[in-house]
Amino acid sequence: MLLTCPSCETRYQVDEAAIDRAAGRQVRCANCGYLWHFAPSLEEHVPAPTAAAPAARPTGAAAGAASAGAAPGAGPAMAGAVLQPDGTAALSTTLELGSAAAPAVEAMHPALRGLLQVGAALIVAAVILVPILGRNTVVGTWPESAKLYQAVGLQTVTPGTGLDVQVTPLRSDGAFIVTGEITNTTREAINIPPVRVALLDMTKREVEFQVIDPPAGSLPPGGVVRFETLFEHPSVAATDVVATFGTE
């Protein structure tokens, strides 16, 4: 695994077996000498505590009392190890980084690091700004996204802006047949959104509607495309028809 010095950011390639994943281990940077405790499981970078002065060794009667107070069968303490709650020994010796066991990885040049930071900032800016500045294009491709923009207070063009739609109703054998024609009145290609066809009564009140798929994906400048839809068993009050773009 890669281990980075918190002080000078020198990186080292360290074998995971050299650092106990639960308890961690003290490590020292060969570049700047910084000493800290690294625990992979907690991703900690804690400066190593200053070693306390060794306690005075008891002598004479005190030594005998200490020996007598020791638990029966207790062996000598394991040098350079600390017992964990499960009874296993955790590495406590300092791992010298920069050695053959933990070689240094070539440090990133400051100029390259700066370029990467600028590149990351540009990517973040693009992710945020492109959907905002190009929201009309987004809405033209995905009309449902207009609701999202409206929810955050951003105005967008109405789906189908630049497209002219004309419809002709025909009642036949108890059905209502609607034929229509969509024309691109602009000088650029436009994606055609879904078409909403509604039947109206004599008071221009909507009595029923259908949403049909776009008859074409994109319409070139001045292009014309036709569509047709059928209302089976329409309301007897239906006398007229109107077509708009969108689903609502």
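Atom set for the values below is all heavy atoms of this structure, side chains included, hydrogens, waters and symmetry mates excluded. Since the structure is predicted, the reported quantities are computational estimates derived from the model, not experimental observations.
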Go through the steps to decide whether Glu9 and Thr4 satisfy the test side chain to side chain donor-acceptor pair (under 3.5 Å), and finish with yes or no.
CA-CA 5 Å; Glu9 297 187 359; Thr4 303; over 6 Å; no
Side chain proximity check, [X] to [Y], heavy atoms < 4.5 angstrom:
X      : Y      : value
Phe245 : Val195 : yes
Val14  : Leu95  : yes
Leu200 : Arg205 : no
Leu199 : Asp240 : no
Leu3   : Arg11  : no
Phe227 : Val197 : yes
Leu230 : Phe176 : no
Asp15  : Met1   : no

Any donor-acceptor N/O pair, [X] side chain to [Y] backbone, under 3.5 Å:
X      : Y      : result
Asn191 : Ser218 : no
Asp201 : Ala238 : no
Tyr12  : Ala30  : yes
Thr229 : Val178 : no
Ser235 : Ala237 : yes

With rounding to the nearest 0.5 angstrom, report the [atom1] to [atom2] distance, [X] to [Y].
X      : Y      : atom1 : atom2 : result
Arg28  : Leu35  : CZ    : CG    : 5.0 Å
Ile182 : Leu219 : CD1   : CG    : 7.5 Å
Ile177 : Ser172 : CD1   : OG    : 5.0 Å
Glu96  : Cys29  : CD    : SG    : 10.0 Å

Hydrophobic clusters here meaning ILVMFWY residues chained together by side-chain heavy-atom distances under 4.5 Å, can you tell me if [X] and [Y] are in one?
X      : Y      : answer
Val225 : Ile190 : yes
Val242 : Val207 : no
Val165 : Ile192 : yes

Indicate, with yes or no, if the rings of Trp36 and Phe38 have centres closer together than 6.0 Å.
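Centroid distance Trp36-Phe38: not below 6.0 Å, so no.
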Under the rule for side chain to side chain donor-acceptor pair (under 3.5 Å), what residues qualify as partners of Gln166, not counting sequence neighbours?
Asp164
I'd like to know if the side chain of Glu228 pairs up with that of Thr179 as donor and acceptor (distance under 3.5 Å, no hydrogens or angles considered).
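No - no donor-acceptor pair under 3.5 Å links their side chains.
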Does the side chain of Thr94 pick up a donor-acceptor pair with the side chain of Arg25 at under 3.5 Å?
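There is no such pair between these side chains.
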Has Arg171 got more than 12 heavy atoms of other residues, nucleotides or ligands less than 6.0 Å from its CZ?
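Yes, CZ of Arg171 has more than 12 neighbouring heavy atoms, counting only those of other groups under 6.0 Å.
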Distance-minimising heavy-atom pair for Cys8 and Asn31
SG-ND2, 3.2 Å
